[in-house]
Trainee: 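Right, I'll just put the structure down here and ask away after.
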Amino acid sequence: MENRCVFCLWILLLISVVVIEVQGGDGSVGCDEEERRALLRLRDAFNGTTALSSWGDGKETDCCMWERVKCDLSNHHVTQLSLADIRLNTDNPIFLNTSLLFLPFRELQNLSLGSNNIRGFHEVLNLSKLQVLDLSFNLYDEIPSLGLLRSLSILNMEGNSINTWSHFEELTTLKHLELLNFAYNDLSGKIPQSLGSLTSLKFLSFMSNWQISGSLKDGGLCKLRKLEELDLSKNGFQGEIPSCLGNMTSLRVIILKQNYLTGTLPSAAFSTLTSLTHLSLSLNYFEGSFSFNSFGNNSKLEIFELDNLSSNLTIDTESPHYWMPQPQIKIFRLTNCKLNEPDRNLPSFLLKQSELRVLELRNTGVREIFPTWLLINNSNMEFLSLAGNFLTGHFTYNNHSQSKNEYLILLDVSMNQIQGVLPYSIGVFSPYLVLLNMSMNAIQGGIPPSMGELKQLQLLDLSNNNLSGELPKEFVQGCIFLEFLKLENNNLQGQVLPTNSNLNSLEYLRMENNCFSGELSRGLLNSRWLGLLDLSNNLITGEIPDWIGNLSRLSSIILSNNFLQGPIPMSFCKVKELSFLDLSKNKLTETIPACLDVSSLRYLHLHDNGFTGFLPKILSEASSLVTLDMRDNNLSGTLPTWISSLSNLRFLLLGGNQFQGSIPSQLCDLRNVSMLDLSSNHLSSVLPSCLHKLQFGSKPTFNDMLEPKVYNWNTLWGLRTYLYESQLQINIILELDYGASDEEEEVKFVTKSRSESYKGNILKYMSGMDLSFNNFTGSIPYEIGYLSDIHTLNLSNNHFAGSIPTTFSNLKQVECLDLSHNKLNGQIPQDLIELNFLAIFSVAFNNLSGRIPDKKQFLTFDNSSYEGNPLLCGHLLEKSCSNSSTELSSEPIIQNNDDPFKETFLWSFIASYTIAFIASIVVFLCCTDYSERLLEYVRAKFIVFSF
Ligand SMILES: *[C@@H]1O[C@H](CO)[C@@H](O)[C@H](O)[C@H]1NC(C)=O
Ligand SMILES: *[C@@H]1O[C@H](CO)[C@@H](O)[C@H](O)[C@H]1NC(C)=O
Ligand SMILES: *[C@@H]1O[C@H](CO)[C@@H](O)[C@H](O)[C@H]1NC(C)=O
Ligand SMILES: *[C@@H]1O[C@H](CO)[C@@H](O)[C@H](O)[C@H]1NC(C)=O
Ligand SMILES: *[C@@H]1O[C@H](CO)[C@@H](O)[C@H](O)[C@H]1NC(C)=O
């Protein structure tokens with residue numbers, strides 16, 4: 001029995017060997033000769049590729065056996081060519097000769113040419129049996145002519161550079177087309193009406209062309225009754241979601257995110273789409289109210305995303321019945337809306353879920369006790385964000401429950417009203433957290449040692465709470481991947497980072513506004529990638545240690561408002577990319593080391609210290625400097641003429657020192673200066689008339705808009721984006737199986753939305769000049785009146801003589817004008833009533849005479865603006881002006897025809913630091929009544945921190 005079997009096998013083997021021999025020996029049995037030659041031509045067309053090197057020249061080879069080739073075994077014709085990604089090491093684009101290369105394959109059904117840098121076809125592709133054509137990720141800049149491919153059912157053009165709709169019309173003859181993918185191209189304008197005739201379509205994507213616009217009704221979209229998956233995300237579609245969508249009852253997947261869609265969500269349409277599993281509507285501008293009841297009880301929804309950009313959306317999941325998705329929902333994201341008014345409860349369907357992987361309910365107004373059960377019920381949760389709600393109560397893991405959240409990588413419960421202490425066993429229950437944000441709550445107590453178990457943690461934000469105690473050693477030794485640590489605005493104590501700490505990956509450390517004390521410890525040195533260090537407003541004592549220079553990556557050092565003393569150590573010179581240095585409000589002495597690398601320095605805040613000597617000469621090389629603030633030190637000498645080399649300077653603040661001599665005319669070269677404070681020095685002599693060349697208010701350049709680089713936000717965004725977007729993207733792609741993730745694009749968008757949100761908060765750019773409390777003499781140059789964009793002008797407490805220049809009536813933006821305590825005489829120009837924004841005005845203690853202006857703004861000032869001028873008269877002063885010689889001064893206003901100063905000066909700041917800084921300067925400079933504008937600043941600051 002056994003022997004016979006072995007014999008049979010032998011025979012079989014023999015026969016098959018003979019068959020192979022015969023086939024190999026005679027090509028005609030193997031594959032079609034014409035096709036074989038065409039294949040060789042194809043190999044040559046992709047010349048040099050190793051991927052096809054096994055395709056032989058010799059007659060003996062059967063081309064059906066070649067790699068990447070499949071034949072129909074019954075007739076030996078080639079049916080499939082898988083030629084994707086075979087031009088590996090060559091970039092130059094090619095054109096393919098269609099008739100020469102493909103015409104012979106009359107039975108070809110499946111042709112894949114993706115990722116080959118193909119620029120186009122010569123001639124029309126004519127393969128009547130072709131069903132699948134994949135030209136993705138090539139360099140087509142127009143749609144190839146495909147009208148002859150009568151059997152085509154799948155066309156993939158994703159990732160080319162197609163920028164015109166020409167030849168699109170031809171596709172309408174393809175009655176079997178089921179999948180059409182134009183994702184990641186450069187198409188723009190409206191989708192042609194002819195789309196509607198592709199009535200067999202099941203899958204359609206125009207994702208990420210960015211420029212396709214018009215309404216969703218265009219292109220006869222609603223005629224595509226068989227459509228199952230539709231992705232039009234990342235384009236410029238406008239208008240409402242049309243109700244005709246409700247007729248496309250096969251739809252399973254609808255992705256419309258990142259367009260400009262508006263209006264209400266069409267309840268009726270969604271109620272008929274009973275097959276829907278994935279609905280993504282994020283990053284549009286929907287309004288009105290929407291009830292999940294429209295999805296009915298038979299909803300198959302597994303993914304729902306609505307991260308809305310308008311704030312006028314009301315969502316209800318509870319009435320008239322509560323909504324219950326039938327299978328378990330996996331991804332649910334809802335942000336920026338009013339959820340379940342007026343009770344503001346969490347959606348009750350959440351109680352029944354156990355397979356949630358992503359849950360985001362951000363800025364939805366939910367008012368509940370912190371739902372720890374969400375984490376207990378859903379052990380597969382990867383991403384939980386409940387930020388920006390009104391969650392109260394404590395956040396504790398249930399120590400008795402067995403469940404761990406092994407998959408949780410992001411937990412964001414920031415901006416709520418959570419009380420109590422941090423979950424003691426957080427490191428045990430969520431051991432793989434990458435991002436933890438619990439900022440802006442009312443959390444008390446210390447940081448639990450188990451935090452040190454979070455070995456994957458990259459970003460920890462516990463800022464703006466009531467945390468106290470010292471940083472536990474388990475934490476500072478355990479979290480070795482921590483890159484961003486934000487602990488500011490708490491009551492934490494002890495050493496900043498104790499000597500044994502080991503936060504090796506730290507790049508960004510913010511601990512300002514705490515009670516950290518003692519000298520800076522060497523623990524910081526283990527964080528050698530540190531780029532930003534903010535320890536301001538603590539109780540740190542001693543000298544700035546010399547080793548700090550070994551943290552040579554530092555670009556921002558902020559140590560203001562501590563008790564630091566002694567000189568700035570020489571080792572600062574080792575820091576090569578210093579761009580932000582704030583050591584203000586300490587007790588530092590001597591001066592800036594002459595070897596400091598100032599080439600990247602943009603912001604220098606050294607005010608309120610004991611620095612002495614001349615203005616440091618090294619600063620003459622700081623050509624990027626925007627802010628130079630050395631107010632309230634003991635600097636002396638004259639203002640240097642090299643100051644003119646600081647051509648980007650915007651804030652020059654040297655008030656409260658011992659400078660003497662005159663203002664050098666070189667200072668007038670600092671055209672970008674908008675705040676100049678030289679007050680409370682010993683400066684003397686006459687003012688240079690060229691001061692009017694300073695701009696005092698102008699639009700920012702684009703570079704200024706990018707100021708937050710200083711704070712390394714970019715990296716932060718990157719990380720955030722990675723976690724918030726691509727993580728989801730990946731999940732979604734799995735469900736969709738076409739399309740690709742695009743981290744880069746997401747970054748682009750996030751950046752864009754950032755700048756848009758700033759646009760909404762345009763701040764008036766403040767500008768001012770304070771020369772008060774010096775010994776200036778002579779008359780006030782009339783050219784000062786040309787500073788038509790200046791907001792604040794303080795010349796008080798000097799020895800100015802002569803009259804108030806009539807040109808001052810050109811200071812159209814001035815809000816605060818202080819000329820008090822001088823020796824001015826003559827009359828107050830009546831044209832000053834044109835200064836419509838004037839809020840604070842003083843000419844007290846001069847020798848002015850005549851009638852005081854008594855119209856418009858001037859009606860709001862009182863006696864104190866004028867006291868100490870016995871010769872002034874007017875109703876307000878209860879002194880009538882009987883003498884006619886006190887009438888209007890007739891001195892003509894000097895005309896200023898090509899006025900270079902009349903620029904608009906509305907612009908928006910991004911760096912909150914700068915904003916807060918300016919706000920403080922404005923108050924300092926002169927005026928006190930800025931509450932409204934300050935509020936605006938604070939709001940802007942808030943936005944920056946909450947991005
Ligand atoms: C393509 O090949 C055919 C057949 O060899 C030839 O006649 C034609 O000129 C070629 N076309 C181009 C554009 O090279
Ligand atoms: C849905 O289809 C029906 C029947 O073809 C049609 O009468 C109706 O107008 C369509 N509804 C919408 C909203 O287009
Ligand atoms: C959906 O289910 C809820 C709860 O079971 C029920 O009260 C409601 O009547 C159902 N709604 C519909 C439209 O069937
Ligand atoms: C989820 O937790 C809540 C509260 O503990 C509980 O009532 C509910 O039954 C749980 N649901 C599931 C699906 O486990
Ligand atoms: C943490 O959340 C707050 C408020 O939602 C936000 O402002 C802050 O930027 C977040 N922190 C990080 C590091 O993302």
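Atoms within each ligand, like the ligands themselves, are counted from 1 in listed order.
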Trainee: Could you state the interatomic distance from OG1 (Thr317) to CG (Leu346), rounded to the nearest 0.5 Å?
Mentor: 9.0 Å
Trainee: To the closest 0.5 Å, what do you measure between CG (Leu551) and CH2 (Trp529)?
Mentor: 11.5 Å
Trainee: Look only at interatomic distance and state if Asp412 has a nitrogen or oxygen under 3.5 Å from any nitrogen or oxygen of ligand 5.
Mentor: no
Trainee: Considering only heavy atoms of Trp373, which atoms of ligand 4 have at least one such atom less than 4.0 Å away?
Mentor: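 The list of qualifying atoms is 2 (O), 4 (C), 5 (O).
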Trainee: Roughly how far, to the nearest 0.5 Å, is the CD atom of Glu406 from the CZ atom of Phe429?
Mentor: 11.5 Å
Trainee: Under 3.5 Å, is there a donor-acceptor pair between the side chain of Asn116 and the main chain of Arg87?
Mentor: yes
Trainee: Check side-chain contact (heavy atoms from CB on, under 4.5 Å) between Ile369 and all other residues, then give those that pass, not counting sequence neighbours.
Mentor: Thr392
Trainee: Is it the side chain (CB and beyond), the backbone, both or neither of Leu351 that lies under 4.0 Å from ligand 4, heavy atoms counted?
Mentor: both
Trainee: What atoms of ligand 5 come closer than 4.0 angstrom to any heavy atom of Ser439?
Mentor: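 In order of number, 1 (C), 2 (O), 3 (C).
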Trainee: State whether Glu302 and Lys300 are salt-bridged, where the test is any N-O pair (Lys NZ or Arg NE/NH1/NH2 against Asp/Glu carboxylate O) under 4.0 Å.
Mentor: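 So Glu302 does not pair with Lys300 through a salt bridge.
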Trainee: Hey, can you tell me if Phe484 and Tyr508 have their rings parallel, tilted or perpendicular (30° and 60° cut-offs)?
Mentor: tilted
Trainee: Look at the aromatic rings of Phe295 and Phe292 and report parallel, tilted or perpendicular, splitting at 30° and 60°.
Mentor: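 The arrangement is perpendicular - the two ring planes meet at more than 60°.
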Trainee: As an exercise, identify every atom of ligand 5 less than 4.0 angstrom from a heavy atom of Met415.
Mentor: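 Heavy-atom distances to Met415 below 4.0 Å select 4 (C), 5 (O).
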Trainee: Which atoms of ligand 5 have any heavy atom of Asp461 under 4.0 Å away?
Mentor: 1 (C), 8 (C), 10 (C), 11 (N), 12 (C), 13 (C)
Trainee: Taking it one step at a time, do Arg119 and Asp141 satisfy side-chain contact (heavy atoms from CB on, under 4.5 Å)?
Mentor: CA-CA 7 Å; Arg119 209 37 211 285; Asp141 55 11; 3.4 Å; yes
Trainee: Indicate yes or no: does an N/O atom of Asn437 lie under 3.5 Å from an N/O atom of ligand 5?
Mentor: yes
Trainee: Look at Glu33 together with Arg36 and state whether they make a salt bridge at an N to O cut-off of under 4.0 Å.
Mentor: yes
Trainee: Which is it for Leu459 and ligand 5 at heavy atoms under 4.0 Å: side chain, backbone, both or neither?
Mentor: side chain
Trainee: Check each N or O atom of ligand 1 against all protein N or O atoms and list the pairs under 3.5 Å, with atom names and distances to 0.1 Å, one per line.
Mentor:
from     : atom 1 : to     : atom 2 : distance (Å)
ligand 1 : 2 (O)  : Asn97  : OD1    : 3.4
ligand 1 : 2 (O)  : Asn97  : ND2    : 2.3
ligand 1 : 11 (N) : Asn97  : ND2    : 3.0
ligand 1 : 11 (N) : Glu123 : OE2    : 3.3

